[in-house]
Amino acid sequence: MSADIYREQILDLARNPVNHGTLDPHDASYQDTNPLCGDRVRIDLRISDDDVIDDIAFSGRGCAISQAAASLLTEMALGKTVTDAGAISNDDMLDELGVEISAARIKCALLGLHVLRVALDEYTRSGSTSTEVTTSEGA
Ligand code: FES
């Protein structure tokens, strides 16, 4: 597939994202902001007793790459165990996007993954979390 088609898919996904919304109640939730631009991603998760991600949703606002990446990430994580979802790497996320991401846009592409990792880390440590912050290191 050409880069143009991938780019078009990202724009489509940003306009019509999969798994967009919030989950109430949830077992884990985290929100963070890209400090460079103020764009924001929140991820909510429902996690079964055997640590499988049964439901996941993201919300927020930001550039097409950040929102499309967060949407793709929810599909990558759904059905995985907490451990396996926590092992999704930066390269996995960038591969899934399928387009060349410039150094300046890496934080956009990885914001959702950063949020997912913190949510899962806090869940693992405490069993259930809901945390919101407005500034941090971002991705
Ligand atoms: Fe803000 Fe991409 S420009 S996350």
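First listed ligand is number 1; within each ligand, the first listed atom is number 1. None of the values given here were measured: they were computed from a predicted structure.
- Close approach of ligand 1 to Asn34 (heavy-atom distance below 4.0 Å) involves ligand atoms 4 (S).
- Between atom 1 (Fe) of ligand 1 and Cys37 there is an N/O/S contact shorter than 2.8 Å.
- Atoms of ligand 1 lying under 4.0 Å from any heavy atom of Ser66, numbered from 1 in the order shown and given with element: 4 (S).
- The atoms of ligand 1 that sit less than 4.0 Å from any heavy atom of Cys63 are 2 (Fe), 3 (S), 4 (S).
- Asp92 and Ser89 share a donor-acceptor pair across their side chains, judged by distance under 3.5 Å alone.
- Between atom 1 (Fe) of ligand 1 and the N, O or S atoms of Asp39, the shortest distance is to OD2.
- When all heavy atoms are compared, the tightest approach of Gly112 to Ile43 is O-CD1, 3.5 Å.
- A donor and an acceptor atom, one from each side chain of Asp39 and Ser66, are nowhere located under 3.5 Å apart.
- At a threshold of 4.0 Å, the pair Arg40-Asp32 does not count as salt-bridged, since none of the basic side-chain nitrogens sits closer than that to a carboxylate oxygen.
- Using a 4.5 Å heavy-atom threshold, the side chains of Val52 and Val82 count as separate.
- Proximity of Arg105 to ligand 1, defined as any heavy-atom pair under 4.0 Å, is confined to the side chain (atoms from C-beta onward).
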